[in-house]
Amino acid sequence: MHVIVHGGAGSPPESPATRQETLTDAAEQATEAEGPMEAVLAALRPLESDPAFNAGVGGAVQSDGEVRTDAGVMTHDGQTGAACAMSGVVHAADVAYTVATETPHVLLAGDEAVEFAASSGVETGRDLTTAETRQRYEAADPPDGGPADHLDWVREHFSGTDTVGAVATDGDRLAAATSTAGRWYALAGRVGDVPQIGAGFYADDRGGASATGEGEAIARFGLARRAVELLDTYGPKQAAEEAIAEFEDATGGRAGVILLDHAGHTGAERNTAAMQTATR
């Protein structure tokens, strides 16, 4: 099994060595999985549980004080699932996988996605905030009221770019997955690129990609799909570099992307200050 994992593109982390060890352990654990889909899910679970990453526990808080998680998964042969805007769900990628395997749909959202997760055996009802994230949210002096009352505050405070993702192949099959809690101080209910096919994640018979960064720009550009398309011309390393160059030229946004082809060759590029990755 060949695996590449990322911990999000953005500012340099406070404890890079600790985060890198977690990423390396996650990639190592993923190589023991039975297949590529099982591998990417295995890689993401510890990251979704670790407050050092912006996915699941300790994730970004939206304007109403809620953490909502999103994820998407896809295989080389087109099996796809996504779930978004889920309160209380740590392992969003597991929900996306269940959407892919147990429903005729590609995306479930909101409270109904949470209900589906619970009925499928995925844990729900968790408090995803931590003391640190609660303090950070309160320090930003959030307004009372509903989404319309939050707009001016959101425009002033909306920030952050982190996500987690993984791509894995056994030389035949391939899977990509991305999971996130979104961006800080987003309007309640905001959904970014992560659960959108071709934006935050993509896979086909050429390879697979997971994107991270400014979700609105990534969604408009279709970063993950474009990175995989470039495998027609380049190897993964150069394809990732070209994808980020095209993305920045087209949007002016900040992002990172990881790539893996069926031979196990990897690529990773960013135009942010940092993006930690691990390969196995």
Novice: Looking only at atom types and distance, does a side-chain atom of R19 sit under 3.5 Å from a main-chain N or O of A52, one as donor and one as acceptor?
Specialist: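 Checked: pair present.
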Novice: Following the transitive rule for hydrophobic clusters with a side-chain heavy-atom cut-off under 4.5 Å over Ile, Leu, Val, Met, Phe, Trp and Tyr, establish whether V67 and Y185 coincide in one cluster.
Specialist: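 Hydrophobic grouping puts V67 with Y185.
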Novice: Could you go through M37 and V73, starting from their C-alpha distance and side-chain angles, then the distance that decides it, and tell me whether this counts as side-chain contact (heavy atoms from CB on, under 4.5 Å)?
Specialist: CA-CA 8 Å; M37 180 61 78; V73 302; 3.9 Å; yes
Novice: Got a salt bridge between R206 and D261, using NZ or NE/NH1/NH2 to carboxylate O under 4.0 Å?
Specialist: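 A salt bridge is absent here (no side-chain N lies under 4.0 Å from a carboxylate O).
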Novice: Thinking salt bridges, do E241 and K237 make one under a 4.0 Å N-O criterion?
Specialist: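 Salt bridge flag = yes for K237 with E241.
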Novice: Can you confirm whether the side chains of Q62 and R190 place a donor and an acceptor under 3.5 Å from each other?
Specialist: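 Q62 vs R190: no donor-acceptor pair found between side chains.
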Novice: Do D50 side-chain atoms and F53 backbone N/O form a donor-acceptor pair below 3.5 Å?
Specialist: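 Checking the backbone N and O of F53 against the side chain of D50, no donor-acceptor pair under 3.5 Å is found.
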Novice: In the structure I gave you, are the side-chain heavy atoms of V40 and Y97 within less than 4.5 Å of one another anywhere?
Specialist: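 No, too far: nothing below the 4.5 Å cut-off.
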Novice: Kindly indicate whether the side chain of Y202, heavy atoms from C-beta on, has any atom under 4.5 Å from the side chain of M74.
Specialist: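 Y202 vs M74: side chains touch.
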Novice: Could you check whether T129 and R134, counting side-chain N and O atoms only, form a donor-acceptor pair closer than 3.5 Å?
Specialist: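 Looking only at side-chain atoms, T129 and R134 do form a donor-acceptor pair, the distance falling under 3.5 Å.
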Novice: What pair of heavy atoms forms the shortest contact from P36 to M1, and how long is it?
Specialist: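 Distance-wise, the nearest heavy atoms are N-CE, 3.8 Å.
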Novice: Any side-chain to backbone donor/acceptor pair from D149 onto G146? Under 3.5 Å, distance only.
Specialist: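 Side chain of D149 to backbone of G146, a donor-acceptor pair under 3.5 Å: yes, one is there.
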Novice: Any side-chain to backbone donor/acceptor pair from S120 onto V122? Under 3.5 Å, distance only.
Specialist: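 Side chain of S120 to backbone of V122, a donor-acceptor pair under 3.5 Å: no, none is there.
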Novice: Do the side chain of D70 and the main chain of A85 share a donor and acceptor less than 3.5 angstrom apart?
Specialist: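 Side chain of D70 to backbone of A85: a pair is present.
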Novice: For D144, is the CG atom crowded, meaning more than 12 foreign heavy atoms sit under 6.0 Å from it?
Specialist: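 Atom CG in D144 is not packed in, count stays at 12 or less.
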Novice: Is it the case that the side chain of T233 and the backbone of L231 share a donor-acceptor pair, with hydrogens and angles ignored and the cut-off at 3.5 Å?
Specialist: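 Not confirmed, T233 side chain does not pair with L231 backbone.
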Novice: What class does the angle between the rings of H262 and H76 fall in, given that below 30° is parallel, 30 to 60° is tilted and above 60° is perpendicular?
Specialist: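 H262 vs H76 ring planes: perpendicular.
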Novice: Take M86 and V95 through the side-chain contact (heavy atoms from CB on, under 4.5 Å) test and state the conclusion after the steps.
Specialist: CA-CA 10 Å; M86 296 183 293; V95 185; 3.9 Å; yes
Novice: Would you indicate whether E112, at its atom CD, is surrounded by more than 12 heavy atoms from other residues, nucleotides or ligands within a distance under 6.0 Å?
Specialist: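 Atom CD in E112 is crowded, with more than 12 foreign heavy atoms closer than 6.0 Å.
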Novice: So, for W153 and D141, which heavy atoms are closest and what is the spacing to 0.1 Å?
Specialist: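 Smallest interatomic distance, heavy atoms only, reads NE1-O, 3.3 Å.
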Novice: Check whether any side-chain heavy atom of D25 lies under 4.5 Å from a side-chain heavy atom of E21, and answer yes or no.
Specialist: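 Of all side-chain heavy-atom pairs linking E21 with D25, at least one is under 4.5 Å.
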Novice: Is the side chain of Q196 donor-acceptor paired with the backbone N or O of G192 at a distance under 3.5 Å, no angle test?
Specialist: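 A pair under 3.5 Å: yes.
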Novice: Are a donor atom and an acceptor atom from the side chains of H6 and T212 found within less than 3.5 Å of each other?
Specialist: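 No - no donor-acceptor pair under 3.5 Å links their side chains.
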Novice: Cation-pi check, R183 to F158: give yes when NZ or CZ is under 6.0 Å from the six-membered ring centre and within 45° of the ring axis, no otherwise.
Specialist: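 Judged by the rule, R183 and F158 form a cation-pi pair.
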Novice: Is any NZ, NE, NH1 or NH2 atom of the basic residue among R226 and E229 found under 4.0 Å from an Asp or Glu carboxylate oxygen of the other?
Specialist: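 Yes, this pair counts.
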Novice: Side chains of T266 and T279 only: does a donor on one sit below 3.5 Å from an acceptor on the other?
Specialist: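 T266 vs T279: no donor-acceptor pair found between side chains.
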